[in-house]
Amino acid sequence: MSETSTLILAIETSCDETAAAVIENGRYVRANAVASQIETHKLYGGVVPEIASRQHVEQMTIVMEKAMREAGVTFQDLTAVAVTEGPGLVGALLVGVNAAKAVAYAHSLPLVPVHHLAGHIYANRLVHDVKYPLLSLIVSGGHTELVYMPEEGVYELIGETRDDAVGEAYDKVARTLGLPYPGGPAVDQLAQTGEASLEFPRAWLEEGSYDFSFSGLKSSVLNTLHNATQRNVELAREDVACSFQASVVDVLVTKTAAAAKAYDVEQVLLAGGVAANQTLREAMETKMAAEGRQLLVPPLWLCTDNAAMIGAAADVAYRSGARADLDLNAKPGLALK
Amino acid sequence: MNVLAIDTATYASGAALLQDGIVRSEKVTFLKKNHSIRVMPAVDHVLSEADVTPADLDHIIVGEGPGSYTGVRIGVTTAKSLAWALDIPATGVSSLEVLAERGGMFHGRIFSFFDARRGQVYGGVYERDAAGGLKQVQPDALKLMTDFTAELAEAEGEILCLSPDLAQHEDVLKETLAHRAVFGRLQDMYPHPADVLAVGMRKEAAQSVHALAPNYGQLAEAEKKRVEAEKGGRHG
Ligand SMILES: [Zn+2]
């Protein structure tokens, strides 16, 4: 690994945040600019891919300029340009990929492709000392993945959702409870005042599997609410929210703890937008402390999609020689390698 | 003076370089997929063939649509990001005017259009003016083909029809305009990057590179539905 310093302009547009950041040595955030589209997508109760893509085009150069200005750097100072190549919404990814290629070409800079999940994991490196081997649970509107990392830059996907992502399940339950989008914070807040008095299913899947499934839980919640309405029974919404969340958190914590034990990791990293969920954080903290493992959770601004995390992961990729050519394309279904 | 043109608005995807008033190099493919893979290599090709570096560029022109949503986004994003990174001006031009430019010195109306499904087309009606530019007879619009032909039938003279999607609309054009409808040559049925240069050189650059945006020709499906729902809510 080279010890020379790096200054990377990183770009991220995989979903509904247009983001650019300037990261020094993979650890120091010189600038982190984000144009969030959440207010727009709230009007539709979820992310509309075509609208997300349109807003990315409008915001892209503004956000890059903001990052460069805040960092106080010129193109000549940069070591490389990095971009999320996948996974994500194809139309959204294309904007970042083509912007990154143009900037890299304009100033003859190396172009570094980054996997979005590597970004989520390496967000932790911006605020903590990361030690290997580690296990990371990535939970958001688009992800539910367990990734094992034996060493720096090596990723092994050991578990993922077979249907809905955690955040999606939250959004759907929130909608049925008459709560706003995004569902995660709203359900968590309502759950604080309720009791886990309802028995919702937990999908453990086959023995030893680290995969997840939330569609059964989601259907069970919807059916329970529907049946109550049919029978004219009042169900306390806060109890529904609390019981739903209890099931989600139980599965996430139990599976993560089992994987952490099986792979004998020192650290467990929580990443993605749902990592902001207070109930999940506390339950994970308690479980890991009891088992003598360290839990790392980045601050909220590093949990949701951002370009700083892409810059952090790009530093590792750059040093190991990862480069893309001018024919780089968006890869919506990109696997983690 | 080095001017780069980029166009990925339709199946036609490519780049061209204008140097001191001469089109030095041009690269274009007419393929359905993967403009994102081809456009930057095309830019690199037209520049390096002419021994021009990105830093030598003075101005960028891009086809802004209407056309394929994904296509125009790739072209406009590439053009505005390049212009921003190089701190040079950029101009967006109508992809329908670019196609009409293929009409050359045809004296008469030029009707350029792209199919937009369900009998609709994005279309524009142009005429060559005395200065060699194109004058818009009817603004670019998304309409039923039958609306365009009804309007065109009222005027006089030959109408040059240019479109990569002619096959789907040839019958109705012949029926309604009869012998007045004339059709472009094989190589004139899609926009070429050199046409983007020709049209763009007659226009003002965008006030700010940031303001450069695709012209989709219509709202996104979800936006349309929301607007409709709001209207419905207000009236009843
Ligand atoms: Zn994410």
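Small disclaimer: the values here were computed from a predicted structure and weren't measured. Labels below follow one simple rule: chain letters A, B, ... track the order of the sequence lines, proteins then strands, and each chain is numbered from 1.
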Inset, instruction - Begin from the C-alpha positions of B:K225 and A:Y44 and carry the test side-chain contact (heavy atoms from CB on, under 4.5 Å) through to its verdict. - result: CA-CA 10 Å; B:K225 283 193 190 127; A:Y44 303 93; over 6 Å; no

Legend entry - Salt-bridge criterion met for B:K80 and A:E58 (N-O under 4.0 Å):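 No salt bridge links B:K80 with A:E58.
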
Inset, instruction - Just give me the residue among A:L94, A:I62, A:D325, A:V48 that pairs up with chain B most often, heavy atom to heavy atom, under 4.5 Å. - result: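 Max contact count across the listed options: A:I62.
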
Inset, instruction - Specify which of A:V57, A:V90, A:V103, A:V97 makes the most heavy-atom pairs with chain B at under 4.5 Å. - result: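 Option with the greatest count: A:V57.
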
Inset, instruction - Drop me the distance from B:S36's OG to A:D327's CG, to the nearest 0.5 angstrom. - result: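 The distance works out to 9.0 Å.
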
Inset, instruction - Name the region of B:L47, side chain, backbone, both or neither, that has any atom closer than 4.5 Å to a heavy atom of chain A. - result: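 Side chain of B:L47 only, per the 4.5 Å heavy-atom cut-off to chain A.
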
Legend entry - Part of B:V72 lying under 4.5 Å from any heavy atom of chain A: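 B:V72 has no heavy atom closer than 4.5 Å to chain A.
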
pair [X]-[Y]: side-chain heavy atoms closer than 4.5 Å:
{"X": "A:N98", "Y": "B:S81", "result": "no"}
{"X": "B:R73", "Y": "A:H56", "result": "no"}
{"X": "A:K101", "Y": "B:T78", "result": "no"}

Inset, instruction - Give me the contact list for residues 49-69 of chain B versus chain A, heavy atoms only, anything under 4.5 Å, ordered by residue number. - result: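 Residues of residues 49-69 of chain B touching chain A at under 4.5 Å: B:P54, B:Y69.
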
Legend entry - For A:R69, all residues meeting side-chain hydrogen bond (donor to acceptor under 3.5 Å, both in side chains), sequence neighbours excluded: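 Scan of A:R69 (side-chain hydrogen bond (donor to acceptor under 3.5 Å, both in side chains), adjacent residues dropped) gives A:E65.
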
